[in-house]
J.: 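Take a look at the following structure, please.
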There are 4 protein chains.
Amino acid sequence: MAHTSASSAGSGAKAPDSSRRSERSRQAIFDAALALVGEVGYDKLTIEGIASRAGVGKQTIYRWWPSKAAVLLDAFTAGIDEDYEKGLPDTGDLAADLKTVLRATADEFNDHAFQAPYRALAAAGANDEELSRTFVARLMEPGTQVYVNRLRRAQEAGEVAADIDVRVAVEMLLSPFSQRWLMRTGELTHAFVDTLVDQALRGLRPRD
Amino acid sequence: MAHTSASSAGSGAKAPDSSRRSERSRQAIFDAALALVGEVGYDKLTIEGIASRAGVGKQTIYRWWPSKAAVLLDAFTAGIDEDYEKGLPDTGDLAADLKTVLRATADEFNDHAFQAPYRALAAAGANDEELSRTFVARLMEPGTQVYVNRLRRAQEAGEVAADIDVRVAVEMLLSPFSQRWLMRTGELTHAFVDTLVDQALRGLRPRD
Amino acid sequence: MAHTSASSAGSGAKAPDSSRRSERSRQAIFDAALALVGEVGYDKLTIEGIASRAGVGKQTIYRWWPSKAAVLLDAFTAGIDEDYEKGLPDTGDLAADLKTVLRATADEFNDHAFQAPYRALAAAGANDEELSRTFVARLMEPGTQVYVNRLRRAQEAGEVAADIDVRVAVEMLLSPFSQRWLMRTGELTHAFVDTLVDQALRGLRPRD
Amino acid sequence: MAHTSASSAGSGAKAPDSSRRSERSRQAIFDAALALVGEVGYDKLTIEGIASRAGVGKQTIYRWWPSKAAVLLDAFTAGIDEDYEKGLPDTGDLAADLKTVLRATADEFNDHAFQAPYRALAAAGANDEELSRTFVARLMEPGTQVYVNRLRRAQEAGEVAADIDVRVAVEMLLSPFSQRWLMRTGELTHAFVDTLVDQALRGLRPRD
DNA sequence: ACATAAACGAGACGGTACGTCAGGTCTTTCA
DNA sequence: TGAAAGACCTGACGTACCGTCTCGTTTATGT
């Protein structure tokens, strides 16, 4: 998977030659950024700190990224590199499939190493429209899409009513989850996941 | 409604005498903070900027608040001061009541003056656990509670199935709304609100 | 002895009623100022520090003195209160008399408690003309004058040549002493004092 | 003559790379410091003021000097850079030679542009032992030494008695001069200089 | 293999804001 | 009503980073 910079622009400025880029530095910067955001938090994460920890000149960061948020976004997505192509499991039991996946996701979101950068990026996105578009497109949208696809298939199979807006249905499933985590309004337990799936699916079934 | 400072702590440090506090300065700081966050955004909002705009010494801000986030939170809540006691309307038609209120809320969230501080606080909360607790308790929880109450009443009236977890049901209603707005994953239109309410209620009805 | 403020001015400002002044506070301020200048040095001596140490409001200091230098000057002179009226001893042996007094003075100047405030005042005077006039008039001039008187008497007795400028002669005796101490260009030893007196007197004797 | 920074130390802190130093900034800082000390006086001289006037970041000053006194000392000595190697004139007439030089020095000390920084440094030195050592070594000692050398030569020529302590003799000549100026105890007129030289030399001559 | 040009590490630079300290003024409260 | 207490506005402190800009030093072709 290619990880282009978060800033695609570069209108007038002379672009650096990315073929001569030091892979070594790039990786060291990612490692440093992720380590530091976990240690000191996003607010105290600095370009200087990353450069110093990575054993890299500041200019090497400024040459390739426009902001610390962009660095972190690239670092995080490079570390994820997950395979959305498989899609959700489809055992025929929609509720069971959703519970399986969401329980696993809950465990992931409860992992400390994962929290700091993800939270930081979500927060930075709230105040920076361009960043949030990239964040959503790169990280959130693919994850959402697999749910949409799974529900679409269930809909075709008659498991879900035809007049259901699948997109909204997925949001009803995932947003309470994201919201609890991001705003710390509640724990992400397996019990919560189960209740969420059960109640969400109640409304999707075709009426008699 | 009393708005105490976001930092209730005061462990070892000697607290200033709040009875001698200048109400004039307090109000000027709130006005400046809200105006500036709208003009320059949260990241470029500075304590110095607030102090200067408010015609106030920096120390007067540091004396009463621990961070710019705390200032903004107090400023924002002081400006809201809304009356949650009335609760949601109850015309007997749950769907209609919810649509009415959520459409109005959508309009409010689409208002520019409201966006900047709210977004900023939500974002700051993501990286600062203590702040997020205050933010949730002061701003989000009361708003959520009125929905919980309304649904509880509907449940008692038999409009909503007895085995429904009302809290989760409210989250299914409100989180997609908040999420769309915060992450900019979609527009907050009246059509979206209507679909959301309709699909959410589908699952709540008692089964035949 | 009356200790008027170092700033005699006070042209337009309404003068406080000095008859109602708290002698208790005044003394506490002097004690605090002298103690602190010895502990932290002149540069880190602050009005707030003096007020706090003296258990006194800041305004009580600002009411009666215009600057920390003025406080210190009053504190120091109040603590000295020496008796210049006796004048120098006159045993008939000018050299012996001078050596006796200057050796004692050297010991005094080498005393730590004496150094800090005196140095501080001399330094402050270098940059503040008005203060230096007061400092000189109150502390240096009286001390110089007793030497002038003693030499004048010696001149009348024929021990010192009639065409000698006594004032300059005294400066030749005392300035090397002060200079060494203030600028730390040398030690104030008894040997130095003796050499100084001997060489200074050599030029004063009437010529054959 | 090389003018190294007043802070020779650099014990634990990592020293900046002086080969990359901006000569432009260095000179601008000197100019600003000297101009400002003349305009506002030493007490109101601030690092921020110097930086701003010099068009320089504050850190550029803090990187190279430990205090405003050190800046001023370097600025002043860089501006002097005088040539002590020539020594005092030696026409064979000691009194005339001394009067010539001291009259010129008196004129220099009466020059306004010279006064502010020199006074400031002398004063700062009184309260800061390390600074005073540098001040004396860099500015006062070389000036004193040329007098010592001249007198030594005169002593060898038999013009001055062999048992005279030349160092003390020079102090008797120069200290009254410095003292009058620093403490403002008198004017530095040519008449004063002449009297001083004449009376000082009276005691130096070999006895019959 | 060598020249050359770009990326690189390092870090000085002009700036902005930080959070703290003290200055000097003003108001409130107490004895 | 003088003095304690201390909140207030002001402004400088010394520090941390910002983003830009040289400096030599690799490094990686492309002739």
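Quick note on labels: first sequence line is chain A, next is B, and so on, each numbered from 1. Excluded from the calculations below are hydrogen atoms, water molecules and symmetry mates; all remaining heavy atoms, backbone and side chain alike, are included.
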J.: D/I29 has an atom CD1; how far is it from atom P of E/dC13, in whole Å?
T.: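 Rounded to whole Å, this separation is 8 Å.
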J.: Do C/K68 side-chain atoms and C/Y42 backbone N/O form a donor-acceptor pair below 3.5 Å?
T.: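 Yes; at least one donor-acceptor contact below 3.5 Å.
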J.: If you measure from CG on A/L34 to CD1 on A/I29, what distance do you get to the nearest 0.5 Å?
T.: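 Interatomic distance, A/L34 CG to A/I29 CD1, rounded to 0.5 Å: 12.0 Å.
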J.: Taking CG from B/L36 and C1' from E/dA17, how many angstroms apart are they, rounded to a whole number?
T.: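 Atom-to-atom, B/L36 to E/dA17, this comes out as 14 Å.
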J.: Would one find a side-chain N or O of C/S25 under 4.0 angstrom from OP1 or OP2 of F/dA4?
T.: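 Answer is yes, contact under 4.0 Å.
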J.: If you find the nucleotide of DNA chain F closest to B/D17 and the one closest to C/G57, which residue's nucleotide is nearer the 5' end?
T.: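 Here C/G57 is the residue nearer the 5' end.
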J.: Atom pairs, N/O to N/O, protein against nucleotides 18-21 of chain E, distance under 3.5 Å?
T.:
unit_1: E/dC18; atom_1: OP1; unit_2: B/I47; atom_2: N; d: 2.8
unit_1: E/dC18; atom_1: OP2; unit_2: B/I47; atom_2: N; d: 3.4
unit_1: E/dC18; atom_1: OP2; unit_2: B/E48; atom_2: N; d: 2.9
unit_1: E/dG19; atom_1: OP2; unit_2: B/Y62; atom_2: OH; d: 2.6
unit_1: E/dG19; atom_1: N7; unit_2: B/K58; atom_2: NZ; d: 3.0
unit_1: E/dG19; atom_1: O6; unit_2: B/K58; atom_2: NZ; d: 2.7
unit_1: E/dC21; atom_1: N4; unit_2: B/Q59; atom_2: OE1; d: 3.1

J.: In Å, rounded to the nearest 0.5 Å, how long is the span from CG of D/L36 to CD1 of D/I47?
T.: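 Here the interatomic distance stands at 11.0 Å.
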J.: Check whether any side-chain heavy atom of A/V37 lies under 4.5 Å from a side-chain heavy atom of A/F76, and answer yes or no.
T.: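 No. Closest side-chain heavy atoms not under 4.5 Å.
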J.: For residues 116-127 of chain D, run the donor-acceptor check on the side chains, cut-off 3.5 Å, and write out each pair with its distance to 0.1 Å, sequence neighbours left out.
T.:
unit_1: D/R119; atom_1: NE; unit_2: C/A126; atom_2: O; d: 3.1
unit_1: D/R119; atom_1: NH1; unit_2: D/Q115; atom_2: OE1; d: 2.5
unit_1: D/R119; atom_1: NH2; unit_2: D/W181; atom_2: O; d: 2.3

J.: At less than 4.0 Å, is any side-chain N or O atom of A/R63 found next to OP1 or OP2 of E/dC8? Yes or no.
T.: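 True: A/R63 side-chain N/O within range (under 4.0 Å) of E/dC8 OP1/OP2.
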J.: Which donor-acceptor pairs under 3.5 Å do the side chains of residues 49-62 of chain D make with protein atoms, sequence neighbours left out?
T.:
unit_1: D/R53; atom_1: NH2; unit_2: D/E39; atom_2: OE1; d: 2.6
unit_1: D/R53; atom_1: NH2; unit_2: D/E39; atom_2: OE2; d: 2.8
unit_1: D/K58; atom_1: NZ; unit_2: D/E48; atom_2: OE2; d: 2.9

J.: Would you say B/W64 reaches F/dC8's phosphate, i.e. side-chain N/O to OP1/OP2 under 4.0 Å?
T.: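 Indeed, a polar side-chain atom of B/W64 lies that close.
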J.: For A/W65 and E/dA7, give me the distance from atom CH2 to atom C1', rounded to whole Å.
T.: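 From A/W65 CH2 to E/dA7 C1': 13 Å.
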J.: For C/D43, which residues count as a side chain to side chain donor-acceptor pair (under 3.5 Å) partner, sequence neighbours excluded?
T.: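 Scan of C/D43 (side chain to side chain donor-acceptor pair (under 3.5 Å), adjacent residues dropped) gives none.
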J.: Where the side chain of D/T60 is defined as all heavy atoms beyond and including C-beta, which of E/dG14, E/dG9, F/dC9 is the nearest nucleotide?
T.: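 Closest of the options to the side chain of D/T60: E/dG14.
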J.: Round to a whole Å and report the spacing from CD1 of D/I61 to P of E/dG15.
T.: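 Atom-to-atom, D/I61 to E/dG15, this comes out as 12 Å.
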J.: Measure from NZ on A/K44 to C1' on F/dC18 and round the result to the nearest Å.
T.: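 Taking NZ of A/K44 and C1' of F/dC18, I get 18 Å after rounding.
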J.: Map C/G55 and B/P16 onto DNA chain F by nearest heavy atom, then report which one ends up closer to the 5' terminus.
T.: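 Result: C/G55.
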J.: Hey, do the aromatic rings of B/F30 and B/W64 have their centres closer than 6.0 Å?
T.: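 Judged by ring-centre distance (under 6.0 Å), B/F30 and B/W64 do not meet the cut-off.
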J.: Could you write nucleotides 23-31 of chain F as a row of B, S and -, 5' to 3', where a protein heavy atom under 4.0 Å of any base atom gives B, of only sugar-phosphate atoms gives S, and otherwise -?
T.: B---BB---
J.: Can you name the salt bridge (charged side-chain N to carboxylate O under 4.0 Å, His left out) partners of A/E129, sequence neighbours left out?
T.: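 Checked A/E129 against salt bridge (charged side-chain N to carboxylate O under 4.0 Å, His left out); matches are A/R133, B/R184.
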J.: I need the CZ-C1' distance between B/R53 and E/dA17, as an integer number of Å.
T.: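 Value for this atom pair: 18 Å.
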J.: How close or far is atom C1' of F/dC13 from atom CD1 of D/I50, stated in whole angstroms?
T.: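 Answer to the nearest Å: 13 Å.
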